[in-house]
Amino acid sequence: MRLAVITVVAGRHRHLRLQQAGLAAGTRRPDRYVVVTMDDDAAADALAGRHPAARTVAVPLGAEGRMPLAAARNAGARRALADGADLLVFLDVDCVPGENLLARYAETAADGALLCGTVTYLPPPPPEGYRLATLPDLAPPHPGRPVPEDARVLRGGDHRLFWSLSFALTARTWRDTGGFCEDYTGYGGEDTDFALQAAGRGVDLWWVGGAPAYHQHHPVSRPPVEHLDDILRNGALFKGRWGTWPMEGWLREFADRGLAAYDRDTDTWRSTGEAGRRTRTPTAYRADRPGRPR
C-alpha cells in the first residue's frame, strides 16, 4: 500500500517542520509527502533537505485573499493519486503525527471507510520548543470526540463530528466521495460538508484508536471573530446544500456579542458591523443555494 500524507500550509513553518520530523520518526513513513502551499513560496525552503522529502503544490488564494482550503486539499489529493497513492492521509499543518499514526491508518484502511484518529490540543510549548518524545504526556485527547483504546476501531460514527485535522481514506473511497466542495473559501464548513457528502455516498466513519495526532498550540479567538464573514458566508452555502446551519455554537456566540443577527422569517444571518469591526459593513447571508448534493 502506497501511502501519501497531504498537508495544506500558509505560514506556520515551525509547525510544519515539526510535523515533518514526526513523520520521519514514525514506525511507518509516508511514500509521498505532499505539501500544498497557499500563497506561501517560502514553505518549500523550510522543508528542503529534510526527511521525508516533500513535494510542494502551489494553489493561489481565492477572492479577497481568502484561503482556498477545500481546493487545496483536492489539489493535494490529485498530486498524491497521480503519484500512485493507495491511501491518502490528511494532516492539518499544526498536527504532529504520533509514532504509530500512519501504521494504524494503513492497517485499518478499507474501501468505504473514513478514518479519524484522536487529536490532542497541546499547551503552549516551552522556550526550547516541543520535543516529540514528550508530546503524549502533555495533554489528553480532545474530549469532544470518541477516544477508542489503541487496538480498537469504533465504526458507525456520527459524520457531523468529523474534523479535517487528521483523517485518512483509500484512493477509491476518495474518488467515491467526490472530494471537497470548492465553493467553500476561507474558514469553516467545508469539512462537515465533505463528511455529509461521504455519508450520502455510503462511506462509514470509523474512529481509530492508536492513531494520535498532536495539535501544536497557537493563539486563537473564541469565538473566531476574525473569521466571522467566512463563517456566515460558508454557513449559508452549507444551509443551502444540507438544510441546516452549521457551526451553530459560534453563530450564537457572535449573536450574543452583537456581531451577528439572525432573522427567523428569512432564515438569514447578517453581520452587524458592531464591536469596533473596522471597515465592516452589515452583510446578509441567505441560504439561497438550491438543492442537496447528489
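Below, each value reflects all heavy atoms present in this structure, side chains not excepted, and no hydrogens, waters or symmetry copies.
- Scanning all heavy atoms of the two residues, the minimum distance from P123 to H217 falls at O-CB, 3.6 Å.
- Y214 and W163 fall into different hydrophobic clusters, where Ile, Leu, Val, Met, Phe, Trp and Tyr residues are linked whenever their side-chain heavy atoms come under 4.5 Å apart, directly or through other members.
- Atom CD of Q216 and atom CG of L16 lie 9.0 Å apart (nearest 0.5 Å).
- Partners of P127 by side chain to side chain contact (heavy atoms under 4.5 Å, CB included), not counting sequence neighbours: none found.
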Derivation and outcome, salt bridge (charged side-chain N to carboxylate O under 4.0 Å, His left out), residues D229 and R233: CA-CA 6 Å; D229 291 330; R233 184 187 59 257; over 6 Å; no
T192 vs R160, side-chain hydrogen bond (donor to acceptor under 3.5 Å, both in side chains): CA-CA, chis, key distance, verdict: CA-CA 6 Å; T192 306; R160 286 186 173 270; over 6 Å; no
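- Proximity of L132 to E99: side-chain heavy atoms (C-beta onward) are nowhere separated by under 4.5 Å.
- Side-chain N or O atoms of T173 include none that pairs as donor or acceptor with a backbone N or O of A171 at under 3.5 Å.
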Candidate pair L232 and L251, rule side-chain contact (heavy atoms from CB on, under 4.5 Å), full reasoning: CA-CA 8 Å; L232 294 178; L251 292 174; 3.5 Å; yes
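- I6 is connected to F180 through a chain of hydrophobic side-chain contacts under 4.5 Å among Ile, Leu, Val, Met, Phe, Trp and Tyr, so both are in one cluster.
- Ring planes of F194 and F167: tilted class, angle from 30 to 60°.
- Remark: aromatic rings of F90 and W174 are close, center separation under 6.0 Å.
- Side-chain contact between Y184 and L69 is absent, with no heavy-atom pair separated by less than 4.5 Å.
- Residues V34 and V5 fail the side-chain proximity criterion, which asks for heavy atoms closer than 4.5 Å.
- Sorted by first then second residue, the side-chain hydrogen bond (donor to acceptor under 3.5 Å, both in side chains) pairs that include residues 33-49, not counting sequence neighbours, are H13-D40, Q19-Y33.
- No side-chain heavy atom of W206 sits less than 4.5 Å from a side-chain heavy atom of P146.
- We find that E253 and R222 are not joined by a salt bridge, their nearest charged nitrogen and carboxylate oxygen being 4.0 Å or further apart.
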L101 vs V89, side-chain contact (heavy atoms from CB on, under 4.5 Å): CA-CA, chis, key distance, verdict: CA-CA 10 Å; L101 180 142; V89 177; 4.2 Å; yes
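- Put simply, L161 and V153 are part of two different groups of oily side chains (I, L, V, M, F, W, Y) that touch within less than 4.5 Å, one to the next.
- Scanning for side chain to side chain contact (heavy atoms under 4.5 Å, CB included) contacts around D176 gives R172, with sequence neighbours left out.
- D204 places a side-chain N or O within 3.5 Å of a backbone atom of G156 that can act as its donor or acceptor partner.
- Going from atom CG of L115 over to atom CG of L205 covers 8.5 Å, rounded to the nearest 0.5 Å.
- Across P148 and G209, no two heavy atoms sit closer than the pair CG-N, 3.4 Å.
- With hydrogens and angles ignored, the 3.5 Å screen pairs no side-chain donor or acceptor of T185 with any backbone N or O of R66.
- Connection of F162 to L169 is established within a shared hydrophobic cluster, with ILVMFWY side chains joined at heavy-atom distances below 4.5 Å, either directly or through further cluster members.
- Judged by distance alone, with hydrogens and angles left aside, the side-chain atoms of E190 form no donor-acceptor pair with the main-chain N or O of A70 at under 3.5 Å.
- Looking only at distances, a side-chain donor or acceptor of T272 sits under 3.5 Å from a matching main-chain atom of G258.
- W250 and L259 fall within a single hydrophobic cluster, where Ile, Leu, Val, Met, Phe, Trp and Tyr are joined by side-chain heavy atoms under 4.5 Å apart, directly or via other members.
- A distance-only check finds a donor-acceptor pair linking the side chain of Q197 to the backbone of G179 [under 3.5 Å].
- Within the 3.5 Å criterion, the main-chain N or O of T266 finds a donor-acceptor partner in the side chain of D263.
- For the atom pair L81 CG and L88 CG, the distance stands at 5.0 Å (nearest 0.5 Å).
- Between T7 and V36 the shortest side-chain heavy-atom distance does not fall below 4.5 Å.
- Between P223 and R257 there is a side-chain heavy-atom pair separated by less than 4.5 Å.
- Residue pairs satisfying the side-chain hydrogen bond (donor to acceptor under 3.5 Å, both in side chains) criterion with at least one member in residues 102-123, sequence neighbours excluded, are listed as follows: R104-E107, Y105-S166, D111-T170.
- Within the structure, every pair that satisfies the salt bridge (Lys or Arg N to Asp or Glu O under 4.0 Å) test and touches residues 2-31, not counting sequence neighbours, is listed here: R12-D94, R28-D31.
- By the 4.5 Å heavy-atom criterion applied to side chains, L165 and H215 are counted as neighbours.
- Of the candidates N234, T244, D267, D267 is the only one forming a side-chain hydrogen bond (donor to acceptor under 3.5 Å, both in side chains) with K239.
- The backbone N or O of T177 sits less than 3.5 Å from a side-chain atom of R201, completing a donor-acceptor pair.
- Interatomic distance, E226 CD to I231 CD1, rounded to the nearest 0.5 Å: 8.0 Å.
- The side-chain hydrogen bond (donor to acceptor under 3.5 Å, both in side chains) analysis of residues 129-147, with sequence neighbours excluded, yields no pairs.
- Within the 4.5 Å cutoff, the side chain of L3 has no heavy atoms near those of the D86 side chain.
- Smallest separation of non-hydrogen atoms from D230 and G186: OD2-CA, 3.4 Å.
- The distance from the CH2 atom of W207 to the CZ atom of R152 is 14.5 Å, given to the nearest 0.5 Å.
- Surrounding NE2 of H51 are at most 12 heavy atoms belonging to other residues, nucleotides or ligands under 6.0 Å away.
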